Amino acid sequence: MMAGACGWRRMTAREVEGMSGLYGFDAFSPKEIAERVERVGVAKARLPLRSLVMLGMLAGAFIGLGALYSVIVASDPGLGFAAKRVLGGVAFSLGLLLVVVAGAELFTGNNLLAMAWADGKVSSRELLRNWVVVCAANFAGAVGLAVLVFLSGHALANGGLVAEQYVAIAVAKIALPLDELFFRGVLCNVLVCLAVWMALAGRTVADRCIAIVFPISAFVAAGFEHSIANMYLIPLAMLLQWAGVPLPAGAEAIGLAGLFRNLVPVIAGNVVGGSVLVALVYFVIYRLPERQGS
């Protein structure tokens with residue numbers, strides 16, 4: 001309502017829109033987010049190969065940095081279960097914040113390209129090209145960071161408890177049953193893609209930060225499986241094992257076979273969670289009616 005010469009009157013749609021733009025308190029609506037996701041998806045699918053590879057390597061390293069930050073929190077024996085999980089999750093949010101704000105190509109977030117594919121804006125070949133190249137580049141970036149962290153001696157911090165935490169995390173991830181790995185991958189990428197979705201609703205960096213932290217900290221606290229984070233955590237544990245870090249029971253499983261035993265079902269789960277349960281669901285809700293009505 002606005003005050004006029006003859007009392008109060010209802011604001012027009014144009015006036016409401018103008019107020020939103022003036023004060024910047026508004027976010028994009030879910031329907032507008034769907035349009036943005038589709039538009040961004042088309043652009044991502046057609047990036048030049050060199051840009052795609054380099055941005056993919058950056059994303060792998062960025063997620064690794066988030067995992068590094070999270071492991072520091074998890075290595076503190078003075079924290080209780082919930083505090084360790086939640087604070088570690090908040091720290092891990094650094095990874096997706098770097099991807100979204102600094103700019104990078106992350107395989108799990110790019111599962112949202114399925115919306116542009118479903119609408120016929122991206123071909124199956126373009127979709128698979130993006131996913132395969134970005135996933136491989138994420139792997140290279142994550143492993144590269146693991147090597148740098150190993151050479152830096154960072155894992156010796158906190159009296160070697162950081163290194164022991166890396167190894168313990170890797171052992172636990174490799175030991176999980178395949179079906180659990182798959183479904184934890186599904187749930188993880190539902191939350192990751194919802195974080196990206198909500199970040200696209202924001203108009204400022206602060207908006208995006210707030211949108212990202214809660215879903216990302218939730219998946220970490222819940223113990224769900226993120227394939228790109230595992231591409232950093234498990235290789236670093238392999239290097240620490242080679243360097244002679246004290247090993248918990250089951251550490252003999254740490255190796256290339258254990259790495260790929262984890263990654264295959266987790267990647268499959270991430271794809272289902274992000275592309276089917278987020279991208280295609282929102283496509284049916286917001287984009288399909290427009291397509292059928294045209």
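These values consider heavy atoms only, across backbone and side chains, with no hydrogens, waters or symmetry-generated copies. This structure is a prediction, so every number in the text was calculated from the model and none was measured.
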Q. Are L256 and M238 close enough, and set up right, to give a side chain to side chain contact (heavy atoms under 4.5 Å, CB included), and what steps lead you there?
A. CA-CA 9 Å; L256 287 176; M238 291 165 61; 4.0 Å; yes
Q.
Is there a side chain to side chain contact (heavy atoms under 4.5 Å, CB included) between E164 and L161? Walk through the geometry before answering.
A. CA-CA 5 Å; E164 292 179 21; L161 289 178; 3.9 Å; yes
Q: Could you go through the side chain to side chain contact (heavy atoms under 4.5 Å, CB included) check for M231 and C135 one step at a time?
A: CA-CA 10 Å; M231 292 174 185; C135 189; 3.8 Å; yes
(Q) Evaluate V266 against R184 for side chain to side chain contact (heavy atoms under 4.5 Å, CB included), listing each step before the verdict. (A) CA-CA 7 Å; V266 171; R184 290 188 187 205; over 6 Å; no
Q: Take R39 and E35 through the salt bridge (charged side-chain N to carboxylate O under 4.0 Å, His left out) test and state the conclusion after the steps.
A: CA-CA 6 Å; R39 188 166 59 248; E35 294 169 358; 5.4 Å; no
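Within 6.0 Å of CZ in F214 there are 12 or fewer heavy atoms belonging to other residues, nucleotides or ligands.
Residues in residues 261-283 take part in these side-chain hydrogen bond (donor to acceptor under 3.5 Å, both in side chains) pairs, two or more places apart or across chains: E225-N262, S227-N270, N230-N262. The list of ring pair (Phe, Tyr, Trp, His ring centres under 6.0 Å) pairs with a residue in residues 49-89, not counting sequence neighbours, is empty. Under the side-chain hydrogen bond (donor to acceptor under 3.5 Å, both in side chains) criterion, no residue pair touches residues 235-260, with sequence neighbours excluded.
Remark: N111 pairs with N189 by the side chain to side chain donor-acceptor pair (under 3.5 Å) rule, at least two apart or across chains. Among residues two or more places apart in sequence or in another chain, the salt bridge (charged side-chain N to carboxylate O under 4.0 Å, His left out) test is passed with E32 by none. For K121, the side chain to side chain donor-acceptor pair (under 3.5 Å) partners at least two apart in sequence or on another chain are E38. Annotation: salt bridge (charged side-chain N to carboxylate O under 4.0 Å, His left out) contacts of K84 (sequence neighbours excluded): none. Residues passing the salt bridge (charged side-chain N to carboxylate O under 4.0 Å, His left out) test with R46 are E126, sequence neighbours excluded. With sequence neighbours excluded, the residues forming a side-chain contact (heavy atoms from CB on, under 4.5 Å) with I169 are V71, Q165, K173, L233, listed by chain and number. Residues passing the ring pair (Phe, Tyr, Trp, His ring centres under 6.0 Å) test with F92 are F219, sequence neighbours excluded. W117 is linked by a ring pair (Phe, Tyr, Trp, His ring centres under 6.0 Å) to nothing, counting only residues two or more places apart in sequence or in another chain.
Minimum interatomic distance between A199 and A211 (heavy atoms only, all atoms of both residues): N-CB, 3.7 Å.
Counting heavy atoms from C-beta outward, I216 and L191 have side chains that stay 4.5 Å or more apart. Contact annotation: the side chain of I212 never approaches that of M198 to less than 4.5 Å [non-hydrogen atoms, C-beta and beyond].
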With a 3.5 Å cut-off and sequence neighbours excluded, list the donor-acceptor pairs that the side chains of residues 148-159 form with protein atoms.
{"residue": "S152", "atom": "OG", "partner": "V149", "partner atom": "O", "Å": "2.7"}
{"residue": "S152", "atom": "OG", "partner": "H154", "partner atom": "N", "Å": "3.1"}
{"residue": "N158", "atom": "ND2", "partner": "S75", "partner atom": "O", "Å": "3.3"}

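Using bins of under 30°, 30° to 60° and over 60° for the plane-to-plane angle, the ring pair W197/Y286 lands in the parallel bin.
A distance of 11.0 Å separates CG in L49 from CG in N130, rounded to the nearest 0.5 Å.
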